[in-house]
Amino acid sequence: MAQVIPSSEISKHVDEEVTLQGWLYNRRGSKKLHFLEVRDGFGIIQCVMSKNAVDEATFAAAGELAQETSLHITGTVTAHPKKEGVYELKATGLEVVGVPTDPYPITPKEHGVEFLMDHRHLWLRSKRQHAVLRVRHAVVRAVREYFDEHDFTLIDAPIFTPNAVEGTSTLFETEYHGQSAYLTQSGQLYMEAGAAAFGKVYCFGPTFRAEKSKTRRHLQEFWMVEPEVAFMDLDGVMDLAEDFVCYVVARVLETRRADLEILERDISALEAVQKPFPRIHYTDAVAQIQKARPEDSEAPPLEWGSDFGGEDETLLSQGYDRPVMVHRYPAAVKAFYMKRDPGDDRLALGVDMLAPEGYGEIIGGGQRESDLEVLDAAIAHHGLPPEAFGWYRDLRRFGTFPHGGFGMGIERMVAWLCKLPHVRETIPFPRMLNRLSP
RNA sequence: UCCGGCUUAGCUCAGUCGGUAGAGCAAGUGGCUGUUAACCACUGGGUCGCUGGUUCGAGUCCAGCAGCCGGAGCCA
């Protein structure tokens with residue numbers, strides 16, 4: 001073996017003899033020439049083995065390699081004769097590490113969704129999945145960078161929670177030493193406590209929703225980042241969300257352009273994501289959607305006071321090349337903790353950010369109710385158990401303060417950035433309505 | 001929970017009017033010195049999702065069930 005290098009650094013070793021360690025991705029060849037595509041986790045390199053460059057046994061062994069055989073391959077780095085900027089390895093040695101016991105199930109041809117999901121642990125090795133998950137990593141890193149660089153303190157929210165806050169139908173219940181507990185649906189209430197202690201906080205972790213949803217936008221387990229800021233009003237929340245999304249998109253474009261190209265993503269659509277984003281009042285949004293609805297639409301008529309469906313969100317965002325923010329929804333369709341609009345009691349100071357290209361809601365947030373009496377009335381109005389909110393009410397009892405924040409779903413963000421048809425490919429091991437494994 | 005669609009070889013699919021099972025890929029064998037979802041030839045491979053019904057005869061028609069996919073509601 002020569003010096004082992006990752007395939008991502010091959011351009012720095014032209015004319016040197018190096019070793020790659022990885023797995024056979026694909027093989028083509030003839031009696032006297034083998035083309036071995038070797039995948040090492042960092043990329044894929046074509047290794048060319050001529051019959052006259054190696055001994056007979058090595059050449060024969062290379063011709064029998066099965067897909068996903070693990071191996072060390074040694075050779076001289078050269079420029080690809082036909083492709084500019086692409087390097088390949090003129091193989092001089094091959095060492096097989098692990099021979100597959102059975103044919104690899106994922107072939108270079110097409111497969112169906114169910115088959116691929118059953119083999120998700122192997123599917124991760126494929127080129128496109130590799131690209132998607134590297135974009136996901138870049139999003140996660142950008143999220144942390146943004147908040148860390150803007151004086152936010154990371155406050156981890158608990159995953160076990162004691163009480164049902166937004167109705168038990170969408171909660172996963174579990175046993176907790178003799179009492180029932182639920183997996184968290186949101187860290188927000190805890191972030192409000194954090195904001196009172198640290199001013200600017202965020203949490204980032206898995207979130208669980210037992211929704212009977214099987215659409216392209218839903219997972220049972222997904223990751224959400226939730227910032228919360230003391231003394232921030234609705235306009236401040238929108239400023240923050242806009243600045244944050246621009247930063248994440250820019251960082252992904254900066255660091256993962258090659259992966260977006262593998263996914264054949266239209267990069268100019270992402271480059272258009274610049275401040276300011278349109279801010280549309282709910283009432284105006286309803287009018288725009290009503291106007292944009294095709295006459296043969298099968299959706300129920302949209303009236304002032306109702307929430308938007310997926311189709312409505314797509315119609316609304318269609319006219320824009322960047323995300324739009326819809327603010328001041330009817331309080332009746334929003335959570336109990338949202339502050340009422342002082343200018344119109346029917347409205348809540350909430351905001352949803354809708355991604356372009358039909359990806360729908362990627363951010364939901366707003367200003368929180370800070371008046372104890374109003375909050376108590378809202379808890380009662382929503383039929384929630386007051387005893388569950390003892391500590392939460394304390395935040396209003398001891399130095400109440402205006403504050404707000406939002407939650408962003410990582411998977412929907414990644415699906416949009418990669419322009420994927422479904423969020424299931426944006427998380428390594430998706431948990432869906434009918435899938436708990438692998 | 002509701003609405004619609006799908007289920008045939010390891011995988012992706014075709015299968016006409018109801019007449020007894022097909023292709024490509026994968027696997028195996030052989031050929032080919034620049035291939036790149038390589039190509040060419042040959043070989044093996046089937047409980048047509050399950051149960052029941054109609055019929056001389058069902059992959060095909062009917063009913064029930066199951067699984068999957070998409071959508072609605074709900075949400076990030």
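Order of the sequence lines sets the chain letters (A, B, ...), proteins ahead of strands, with each chain counted from 1. Not measured: the values here are computed from a predicted model.
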What does C25(B) pair with, Watson-Crick or G-U, if both distances are under 3.5 Å? G10(B)

Any side-chain N or O of K212(A) under 4.0 Å from OP1/OP2 of U1(B)? no

Nearest-nucleotide wise, let me know which of Q46(A) and N434(A) is further upstream toward the 5' end of RNA chain B. Q46(A)

Ignoring backbone atoms, test whether R216(A) places a side-chain nitrogen or oxygen under 4.0 Å from the OP1 or OP2 oxygen of G71(B). yes

Between C1' of C2(B) and NZ of K214(A), the distance in whole Å: 10 Å

With a 4.0 Å limit, can you tell me whether R28(A) has a side-chain N or O closer than that to the phosphate oxygens OP1/OP2 of A38(B)? yes

F115(A) CZ - U8(B) C1' separation (whole Å): 17 Å

Determine the sole option in T92(A), L89(A), L33(A), L94(A) for which the side-chain contact (heavy atoms from CB on, under 4.5 Å) test with M49(A) is passed. L94(A)

Take the protein atom CG of L171(A) and the nucleotide atom P of C74(B), then report the distance between them rounded to whole Å. 17 Å

Taking 5.5 Å and 30° as the limits, would you call F222(A) and the base of A76(B) a stacked pair? yes

Both distances under 3.5 Å, Watson-Crick or G-U wobble: report the partner of G70(B), or none. C3(B)

Check R328(A), K334(A), R279(A) against D352(A) for a salt bridge (charged side-chain N to carboxylate O under 4.0 Å, His left out) and give me the one that passes. K334(A)

Over all strands shown, is P81(A) touching base, sugar-phosphate only, or nothing at heavy-atom distances under 4.0 angstrom? base

Please tell me if N26(A) has a side-chain N or O lying less than 4.0 Å from either OP1 or OP2 of A37(B). no

Aromatic centroids of F152(A) and F204(A) separated by under 6.0 Å: no

Do R128(A) and W123(A) meet the cation-pi criteria used here (NZ or CZ under 6.0 Å from the six-membered ring centre, within 45° of the axis)? no

Given RNA chain B, 5'-ward residue of the pair H80(A) and H218(A), judged by closest heavy atom: H80(A)

For U36(B), take OP1 and OP2 only and decide whether either is under 4.0 Å from a side-chain N or O of K82(A). no

CH2 of W416(A) versus C1' of A76(B): gap in Å, rounded? 14 Å

Figure out the CD/P separation between Q220(A) and C74(B), and round it to whole Å. 17 Å

Span that lies between the C1' atom of A63(B) and that of U55(B), in whole angstrom: 16 Å

Considering only atom C1', compute the distance from A58(B) to U47(B) and round it to an integer number of Å. 15 Å

C68(B) phosphate, OP1 or OP2: any side-chain N/O from R424(A) under 4.0 angstrom? no

The side chain of V113(A) lies closest to which of these nucleotides: C25(B), C69(B), U33(B)? C69(B)

Kindly give the heavy-atom pair with the smallest separation between M353(A) and E242(A), and that separation in Å. CE-N, 4.0 Å

Let's test this: given Watson-Crick or G-U wobble pairing with both distances under 3.5 Å, identify the partner of A37(B). none

